[in-house]
Protein chains: 2
Amino acid sequence: MDIGEIARRSGVARSTVSYAISGKRPVSQQTRQRIQAVIDELGYRPNAVAKALKEGRTRTIALVIPPANTRLTDHQLTFVASVVNTAAKADLDVLLSPSGDEHDRSFERVITGRRVDGAILMEIRLTDHRVTRLQQTGLPFVTIGRTNTPDTTTWVDIDYDTLISRCVHHLADLGHQHIALIDRSPHLATTGYGPSHRAHTGFTRTTTQRGITPIHTHTHDNPNSGHTTTTQLLHTHPHLTAITTINEAALPGIYHAITQTGRTIGTHISITGVAAQHWAENLHPPLTAADAPADELATNAVNLLINRITNPTTPHQHLLLTPPISLRATTGPPHPFP
Amino acid sequence: MDIGEIARRSGVARSTVSYAISGKRPVSQQTRQRIQAVIDELGYRPNAVAKALKEGRTRTIALVIPPANTRLTDHQLTFVASVVNTAAKADLDVLLSPSGDEHDRSFERVITGRRVDGAILMEIRLTDHRVTRLQQTGLPFVTIGRTNTPDTTTWVDIDYDTLISRCVHHLADLGHQHIALIDRSPHLATTGYGPSHRAHTGFTRTTTQRGITPIHTHTHDNPNSGHTTTTQLLHTHPHLTAITTINEAALPGIYHAITQTGRTIGTHISITGVAAQHWAENLHPPLTAADAPADELATNAVNLLINRITNPTTPHQHLLLTPPISLRATTGPPHPFP
DNA sequence: TTGTAGGCGTTATCAA
DNA sequence: TTGATAACGCCTACAA
């Protein structure tokens, strides 16, 4: 059933039906009602594909998610959900596209076939071939995180440098002299993952500035790895009294490793870092941390993208978020252990 | 740039270019190469929207996710990722559609505008208006979970009844006499959420059969709620020695509440249930549980859907999964506390 | 206030 | 082996 069917049954031209639906041209009360009756009776809905072809836009955006081999963190998950919700409010649909690994076909297909009006790229690297590819195609896009050449794209990001710097200052103010940064996986760092680099930079700068012994270590995005790393860390660095981290997925393991040695969190070992709010709140004890603003990131990403789609020539906009640290229960003055 | 442009530059007809690309008609080596050269030079890609209009299918499926107000559990998240991956392997794209709440517009738009060839519905209820709606439209779909009239749809589901029954048997075999079922939220149960109902059924039947005192309680899908519920549970039922649950999101809180009272998990309180594998493994101690097979659920859902799309008249197929219980570290013979 | 007709970019039928 | 052309279903000038 198509618009012609409706037209025939209501005894009008196809264009009249179209106008009756869109309201872009006045239609007499009488015909409008007759048309509407037929539409209701047949349950007619315009074919979105035909409409998209005619209008040259699909009212769909792509969300390019990280490869599936690395499990999505809670923060990323919240982000995806927020994107879908924000897009829904703007009557946009979201096409999910896995990237990396063997999924390049999917990525190519989505961004190259004019199936979407724009794209949001998650978890980009300092140099990222997907960004290059997207720039070639001319499809509007915004990235979560920024590349080495931030001025050439529209992006939203979290200021991990400043955030980790603040964490170190907070711990230093409490009197800590030995602070460890537990980073995300070494693999991410070597493949140019911005947050890792920038957290590291902020950490190094601030510990130097405050005359603190810095300890830098990586761990995979899961509790088991966090447990192993932390156990080792406590063993090799007996003077350690504070940890800061951007690896929320490892946190349960970090907690467990600490308590397992008989230490108390917040007393013998202070912890702080960056994590999803509900994640920080649901740990025991609740984590003092900068709450990663996934919602805000998502809302802004979608809005910036809509902006770019409707007005492709505007200069690139950027948004760097620096959420405050929520004081909860995991930091305090250093207590030697045992 | 369109197919006509390529045709012009290669000095052939548009149809020849089309056939050169699709291979659905023999094209001489010579012209094919000439065409390919032009395509490569200009970076031409066929417009997927036009193709979809012409072919009458979009090579896209919709994944209808639960309303955003209830945070997705780990199991659900894994499921979404698996669907996207499986679909990608079949060169299908996935359109995400939130349902429920104020998102009915999105749901309607997606399933009604011929934007997708089929849909997968997550978290359906025993009576579910989305199922009814989908049946009206005639769009092929498969549900995760089953309604009250399971024969009228294609579905995949987890056999919570049998799973919880097995858990009770396992605990009873160990000698437990007082077993509690911690269900998911009361709201889910009252809105006809199948897994809640069926877990409850299996629990009641098996406890009766084994002569065990059943205790049934609900909790929300988060650690805090699990903590509150469990604390209260231990208080009201001091003889309780075992818990079985289908609420994986509440587990950290359940654990915490138990140890907080001085009890040891696996000794004073045995726990078992249904949860995502990596979730069960990353708890301390690791949870003895039936590993919810999100991957298998997803793969089968996608394949059944593809089946239904290509062959809409086949009888409905169903798949009920009953994964075995993985023995880890949280069950043992009952030890009175203190 | 309404109708006619052309075109969005493909694929596929029918000729040559 | 290739070309011309008619759809797919919609929107929107342009006419009436």
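Values below: all heavy atoms of this structure, side chains included; hydrogens, waters and symmetry mates excluded. Chain identifiers are assigned alphabetically (A, B, ...) following the order of the sequence lines, protein sequences preceding nucleic acid strands; residue numbering begins at 1 within each chain.
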At 4.0 Å (heavy atoms only), tell me whether B:G11 reaches a base, stays on the sugar-phosphate, or touches nothing.
sugar-phosphate
How would you label the contact of A:R114 with the nucleic acid (heavy atoms, under 4.0 Å): base, sugar-phosphate, or nothing?
nothing
Short of 4.0 Å, heavy atom to strand atom, which residues of residues 24-42 of chain A count as contacting DNA chain D?
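Those residues whose heavy atoms fall under 4.0 Å from DNA chain D, taken from residues 24-42 of chain A in numerical order, are A:K24, A:R25.
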For the residue pair [X] and [Y], what are the closest heavy atoms and their distance?
X      : Y      : value
B:T58  : B:R115 : OG1-O, 3.2 Å
B:V110 : B:A62  : CG1-CB, 3.6 Å
A:S10  : A:V38  : OG-CG2, 3.8 Å

Should the ring pair B:F107 and B:H129 be called parallel, tilted or perpendicular, given that the plane angle runs from 0 to 90° and is split at 30 and 60?
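Correct class here is perpendicular.
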Tell me whether A:R59 is salt-bridged to A:D117, with the criterion being a basic N under 4.0 Å from an acidic carboxylate O.
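No salt bridge links A:R59 with A:D117.
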Pairing of B:E5 and B:R8 as salt bridge, 4.0 angstrom limit
yes
Could you tell me whether the side chain of A:N303 and the main chain of A:N300 form a donor-acceptor pair under 3.5 Å?
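Judged by distance alone, no pair lies under 3.5 Å.
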Under 3.5 Å: donor-acceptor pair, side chain of B:S196, backbone of B:G192:
no
Any side-chain N or O of B:K51 below 4.0 angstrom from OP1/OP2 of C:dT11?
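Answer is yes, contact under 4.0 Å.
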Would you say a side-chain N or O of A:T16 is under 4.0 Å from OP1 or OP2 of C:dT2?
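No, A:T16 has no side-chain N/O under 4.0 Å of OP1/OP2 on C:dT2.
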Atom-to-atom span, CG of B:L53 to P of C:dA12 - whole angstrom
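These atoms are roughly 13 Å apart.
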Under a 4.0 Å heavy-atom criterion, DNA chain D is touched by chain A from D:dG9 to D:dC14
